[in-house]
Amino acid sequence: MSRLTRISAPEGVAPATAYTHVVMGSGRFVAISGQLPLDEDGRPVGEGDAAAQARQVFENLRRCLAAAGATFDDVVKLTYFVTDMAHMPAVRSARDAFLDPERLPASSAVQVVSLVRPEFLMEIEAFAVVPE
């Protein structure tokens, strides 16, 4: 069981529906750089396919978290950068395959004009807290 505390509806704030407003905990802070839909050889995955890109990005996040001794249970914040908000249902579907939808981290979604390469539809970064 995670030692993180999640507050979905702080007093006076509308309840969160697809994220948690506040996540807090103590331990070692882990920052994962924005992950792109690249396979382990650096090749783009799912050109034009938001669902395939989202799955690859979450797999990359999982591997980065594991390298830090963390799992998605330790994630306190996700930031989604998407080139079109229409990609968010695919992102949420992939997220729900990796994270417990009842224990979601704090989140922000930002639509951007473009990412580092035109075939990328999204980039996702994560912050986690793991036990000392």
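How far CZ of Phe81 is from OG of Ser114: 13.0 Å, rounded to the nearest 0.5 Å. Atom CG of Leu121 is separated from atom CG of Leu36 by 11.0 Å, given to the nearest 0.5 angstrom.
Of all heavy-atom pairs spanning Glu119 and Pro44, the tightest one is OE2-CG, 3.6 Å. The two residues Arg6 and Val23 make their nearest non-hydrogen contact at CG-CG2, 4.0 Å. When all heavy atoms of Gln35 and Leu61 are compared, the pair lying nearest together is CG-CD2, 3.6 Å. Of all the heavy atoms in Cys64 and Ile32, the pair that sits closest is CB-CG2, 3.7 Å. Met88 and Ala109 get closest at one heavy-atom pair: CE-CB, 4.0 Å. Minimum interatomic distance between Val75 and Pro105 (heavy atoms only, all atoms of both residues): O-CB, 3.5 Å.
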Intermediate values then yes/no, side-chain contact (heavy atoms from CB on, under 4.5 Å), Gln53 and His87: CA-CA 10 Å; Gln53 288 196 14; His87 302 319; over 6 Å; no

Intermediate values then yes/no, salt bridge (Lys or Arg N to Asp or Glu O under 4.0 Å), Glu59 and Arg55: CA-CA 6 Å; Glu59 178 58 27; Arg55 285 189 302 271; over 6 Å; no

Are Ser26 and Glu132 close enough, and set up right, to give a side-chain contact (heavy atoms from CB on, under 4.5 Å), and what steps lead you there? CA-CA 8 Å; Ser26 61; Glu132 289 288 343; over 6 Å; no

Report the C-alpha distance between Asn60 and Gln56 in whole Å, list the side-chain angles of each, state the deciding distance to 0.1 Å, and finish with yes or no for side-chain hydrogen bond (donor to acceptor under 3.5 Å, both in side chains). CA-CA 6 Å; Asn60 291 348; Gln56 183 63 49; 2.9 Å; yes

For Leu78 and Ile124: C-alpha separation, side-chain torsions, deciding distance, then whether side-chain contact (heavy atoms from CB on, under 4.5 Å) applies. CA-CA 7 Å; Leu78 291 170; Ile124 304 171; 4.2 Å; yes

Show the numbers, then the answer: is there a side-chain contact (heavy atoms from CB on, under 4.5 Å) between Val30 and Arg28? CA-CA 7 Å; Val30 177; Arg28 185 170 40 93; 4.0 Å; yes

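Annotation: side chain of Leu99 is not in contact with side chain of Arg103 (no heavy-atom distance under 4.5 Å). Residues Thr20 and Leu104 have side chains in contact (heavy-atom distance under 4.5 Å, counting atoms from C-beta outward). A heavy-atom distance below 4.5 Å is found between the side chains of Val82 and Met122.
Listed by chain and number, the residues in a ring-ring contact (aromatic ring centres under 6.0 Å, His included) with Tyr19 are His21 (sequence neighbours excluded). Checked against ring-ring contact (aromatic ring centres under 6.0 Å, His included), Phe127 has the following partners two or more places apart in sequence or in another chain: Phe29.
Met85 and Val110 are not part of a single hydrophobic cluster, where members link through side-chain heavy atoms under 4.5 Å apart. Residues Phe120 and Tyr80 are members of separate hydrophobic clusters, defined by side-chain heavy-atom contacts under 4.5 angstrom among Ile, Leu, Val, Met, Phe, Trp and Tyr.
For residues 78-102, there are no salt bridge (Lys or Arg N to Asp or Glu O under 4.0 Å) pairs, not counting sequence neighbours.
Between Phe98 and Phe58, the ring planes are parallel. Angles under 30° get that label, and only those over 60° would be called perpendicular.
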